[in-house]
Amino acid sequence: MDIEKIIKAYDNPDKLINLIKEITPTDRKIKIMNVCGSHEHTITFSGMRSILPDNIELIPGPGCPVCVCSESDIINAINLSKREDTILVTYGDMLRVPTGIGSIRTEGKNYKMVSAPHEITKIAQQNPDKNVVFFSIGFETTTAPTAAFLEIGVPKNVTVLTSQKLTPEIMDILVEDTEIGIDAFIAPGHVSAIVGANAWKKFPEKHKIPTVVAGFEPENLLLAIAVIILQLVNKKPSLENVYRGVVKNEGNRKALELIYKYFEKTDVNWRGIGYIPNSGLDFKEEFGILDARKRFELPQIEEKKIRDCICDKIILGKAYPSECKLFGKACTPGNPKGPCMVSGEGACNIWYRARKSQQGV
Amino acid sequence: MCVGVPMKITEINYPMAVAEAKGVKRNVNLMLIPEDEIKVGDFVMVHVGSAIEVISEKAADEIWEALDEVLALMDEREESGNA
């Protein structure tokens with residue numbers, strides 16, 4: 001399939017929408033999952049779902065890093081921040097994620113927000129008598145910057161509490177779950193910049209699922225959807241990359257080298273989903289000195305289900321936010337009950353904001 | 001957190017740099033890009049303070065156009081919602 005020809009022939013959103021309408025088979029549902037909060041953001045705010053044929057389901061998957069961060073890690077972070085000798089540092093979204101005992105913001109004591117890991121160096125230098133613990137959460141797009149920060153060299157009073165997850169590994173689980181029944185993936189744009197478009201090859205090759213790497217513009221996502229439908233119609237699943245300005249097939253080799261210099265794959269707990277083998281990263285033995293889990297002998301804490309919250313189903317694409325009885329009532333961005341309502345990348349948060357603006361409330 | 005922003009490199013003191021976008025300057029970690037593959041004037045995609053990839057000026061413009069478009073969609077919907 002020649003993407004360049006499609007781009008040339010269908011050079012605006014209206015043409016792409018018409019193409020999708022023309023070629024989409026009407027006899028079945030087509031479930032296309034995205035695994036990136038920014039994709040879900042564009043899809044929802046552009047109103048794409050209401051424009052495309054009804055039988056195309058655009059399903060938000062586990063694309064929100066704070067939504068899948070395990071409760072055990074967050075409670076450990078809260079407890080670290082309560083120590084007089086410690087400052088916990090993390091990204092803003094993490095501060096508000098609820099757990100059975102509250103959030104870092106409501107229950108924590110000594111904590112600071114950063115927007116980039118290198119800001120931690122200054123905090124550590126200004127507080128030489130404190131342990132500064134960086135709560136490093138997220139997918140490959142945040143893990144690579146953590147590795148870059150470590151590579152520069154960090155002050156001795158800095159350790160890292162890792163809660164880092166791998167996207168291709170969770171997609172493996174999703175694809176094998178027949179309850180979801182995914183027909184195609186829109187692969188995440190910036191995770192792909194790190195891991196490379198080729199990281200998704202296994203989905204068309206092994207699972208016969210069309211997979212297209214896309215950027216964040218509505219037109220680019222429509223192009224990805226058109227390519228997916230064409231592949232499904234022609235029964236020729238393949239890997240395509242329509243975000244070539246940023247994503248290389250082989251990814252960012254230096255980023256991958258640095259990630260796997262410091263970290264190795266390990267089984268990690270995805271909130272609401274459970275432990276998935278080799279789906280996360282933890283420090284290699286030789287970098288144990290940087291590992292807050294070791295330094296502070298942090299325990300594993302059992303996860304508690306949030307009453308009536310269906311974030312676990314939403315993260316896996318088994319339910320939409322609107323199916324949750326808490327959605328927009330007991331659970332809002334101002335008062336989130338579940339992790340998917342916290343971050344601007346969480347499906348519930350995105351749906352709530354888009355719906356609120358539509359309703360004129 | 002996963003939202004990437006294209007920025008233009010204005011100063012390099014490898015592995016750190018200063019990058020600019022829309023008149024805002026930020027310190028950026030270049031450690032994920034080999035030193036001989038980046039120079040002042042280049043455009044990079046920045047995630048949580050690290051440049052994760054060098055991109056062309058054309059790609060940077062297109063991505064900013066897309067970001068502006070998405071932000072405008074949000075404003076439009078939020079304005080109409082608040083009207």
Side-chain angles (χ1 to χ4, degrees), chain A residues 36-38 41-42 45-47 63-66 91-94 114-119 137-139 141-142 144-149 151-152 188-191 193-194 215-220 244-248 251-255 258 343-345 353-361, chain B residues 1-7 13-19 24-38 43-83:
Chain A
C36 168
S38 298
H41 204 276
T42 302
F45 273 89
S46 66
C64 161
V66 308
Y91 300 118
D93 280 347
M94 274 318 296
V114 287
S115 55
H118 59 250
E119 294 167 14
I137 77 113
F139 299 121
T141 43
T142 45
T146 295
F149 165 60
E151 184 69 6
I152 284 183
H190 292 151
V191 169
I194 304 287
F216 304 97
E217 184 186 13
E219 192 172 340
N220 198 253
R244 294 179 193 172
V246 176
V247 176
K248 295 177 193 157
N252 180 329
R253 286 189 179 149
K254 189 156 186 218
L258 285 180
S343 160
E345 293 167 277
R353 283 184 291 125
R355 179 183 278 195
K356 191 98 175 154
S357 59
Q358 252 184 339
Q359 286 171 341
V361 211
Chain B
M1 191 180 304
C2 272
V3 180
V5 180
M7 299 186 88
N13 182 16
Y14 196 89
M16 293 304 290
V18 177
V24 178
K25 289 194 170 187
R26 287 277 180 272
N27 290 321
V28 168
N29 184 335
L30 295 184
M31 198 53 105
L32 303 176
I33 312 287
E35 190 170 3
D36 57 359
E37 291 177 20
I38 185 88
F43 288 81
V44 288
M45 177 58 76
V46 177
H47 264 262
V48 291
S50 273
I52 62 165
E53 195 56 87
V54 180
I55 58 176
S56 67
E57 183 169 1
K58 183 170 171 273
D61 287 345
E62 283 170 4
I63 293 160
W64 264 115
E65 210 176 293
L67 286 172
D68 287 341
E69 195 177 328
V70 172
L71 291 173
L73 278 170
M74 279 176 70
D75 285 348
E76 212 174 277
R77 291 185 75 151
E78 276 164 20
E79 268 169 31
S80 67
N82 291 329

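Convention: sequence-line order gives letters A, B, ...; per-chain numbering from 1.
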Honestly, the part of I194(A) sitting under 4.5 Å from a heavy atom of chain B is side chain
Let me know if F43(B) has heavy atoms under 4.5 Å from chain A in its side chain, its backbone, both or neither.
-> neither
State, to 0.1 Å, how close I63(B) and V246(A) come at their nearest heavy-atom pair, and which atoms those are.
-> CD1-CG2, 3.4 Å
What part of V46(B) gets closer than 4.5 Å to chain A, counting heavy atoms only: side chain, backbone, both or neither?
-> neither
Report the residues that fulfil side-chain contact (heavy atoms from CB on, under 4.5 Å) with R253(A), sequence neighbours left out, ordered by chain and then residue number.
-> E250(A)
Audit row: E151(A), N29(B), side chain to side chain contact (heavy atoms under 4.5 Å, CB included) steps and yes/no = CA-CA 10 Å; E151(A) 184 69 6; N29(B) 184 335; over 6 Å; no
Heavy-atom pair count under 4.5 Å with chain B, highest-scoring of A193(A), C64(A), S115(A) = S115(A)
Can you tell me how far CD of E53(B) sits from NE2 of H190(A), rounded to the nearest 0.5 angstrom?
-> 10.0 Å
Sorted by chain and number, sequence neighbours left out, salt bridge (charged side-chain N to carboxylate O under 4.0 Å, His left out) with E119(A) holds for none
To the nearest 0.5 Å, tell me how far K254(A) NZ sits from I52(B) CD1.
-> 14.5 Å
May I ask you to name which of G37(A), P145(A), A116(A) has the most heavy-atom pairs under 4.5 Å with chain B?
-> P145(A)
Between L30(B), L67(B), N27(B), the one whose heavy-atom pairs under 4.5 Å with chain A are most numerous = N27(B)
dist N252(A):CG -> L32(B):CG (nearest 0.5 Å) comes out at 6.0 Å
Just how far is it from atom NE2 of H118(A) to atom CE of M31(B), taken to the nearest 0.5 Å?
-> 12.5 Å
